[in-house]
Amino acid sequence: MKKTFTFAILHFSVAFTVAYLLTGDIILGSLIAMIEPMVNTVAFYFHEKAWQQPKWARLAMLKPSRKTASFAVLHFSVAFLVVYLLTGDLFVGGLMAALEPSINTVVFYFHERVWQRNEKAKLSLHCHHHDLQQHSIEISEVKNDQAKVY
């Protein structure tokens, strides 16, 4: 859930900036920036759940660009629909759908890379911790064996 929350913050920031620049209206820009990221955050959650399946998780680790591309398609669709429904303007909906998801796709890629590094670091620490525990057990066994000899 932390990963989803951090992405939501980034998404709201990008959505507001793009919506405000396109509409010139702080109220409409704020409304778009609230609704579109909320819908996409829910979509992101289910997207993450789908990519946690073992087959897809391996693919995501090997080729994060595939996961990024699948989210880009989902994001484009949500952005267009939300903005079109709020503005009634196909051009603004299309422009928002092209710009905002494109920027967020780049943000998503780097967000994903940061979280992958975090996961790798946790695994590495866990492995080193396990190695230290194993080493400690081996030393104890050697000491016990030596004590039995004397």
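Keep in mind that what you see is a predicted model, and the values were worked out from it rather than measured.
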Checklist entry - Between H11 and T41, is any side-chain donor less than 3.5 angstrom from a side-chain acceptor? => result no

Next on the checklist: Please tell me whether H75 and T105 have a donor and an acceptor in their side chains that are separated by less than 3.5 angstrom.
Outcome noted: no

Measure the spacing between [atom1] of [X] and [atom2] of [Y] and express it to the nearest 0.5 Å.
X    : Y    : atom1 : atom2 : answer
N104 : H111 : CG    : NE2   : 10.5 Å
L95  : T23  : CG    : OG1   : 11.0 Å
I35  : L85  : CD1   : CG    : 9.5 Å
L21  : L99  : CG    : CG    : 9.5 Å
Y84  : L90  : OH    : CG    : 5.0 Å

Item to check | Qualifying salt bridge (Lys or Arg N to Asp or Glu O under 4.0 Å) pairs, either residue in residues 82-110, two or more places apart | outcome: none

Checklist entry - Could you give all pairs that pass the salt bridge (Lys or Arg N to Asp or Glu O under 4.0 Å) test and reach residues 106-116, with sequence neighbours left out? => result K3-E112, K67-E112

Do [X] and [Y] belong together in a cluster built from hydrophobic side chains that touch within less than 4.5 Å?
X    : Y   : result
F16  : I27 : yes
L74  : F44 : yes
F5   : Y45 : no
V107 : V18 : yes
V92  : F80 : no

Next on the checklist: If I compare all heavy atoms of G93 with all of V83, which pair ends up nearest, and what's the gap?
Outcome noted: CA-CG1, 3.6 Å

Item to check | Closest contact, heavy atoms only, A15 versus P37 | outcome: CB-CG, 3.5 Å

Looking at side-chain heavy atoms only, is the closest gap between [X] and [Y] below 4.5 Å?
X   : Y   : answer
L81 : V78 : no
D25 : L31 : no
W51 : L59 : yes

Checklist entry - If you count the non-hydrogen atoms of other residues, nucleotides and ligands that lie under 6.0 Å from CZ in F12, is the total more than 12? => result yes

Checklist entry - Using the ring of each side chain (for Trp, its six-membered ring), is F71 parallel, tilted or perpendicular to F108, with breaks at 30° and 60°? => result parallel

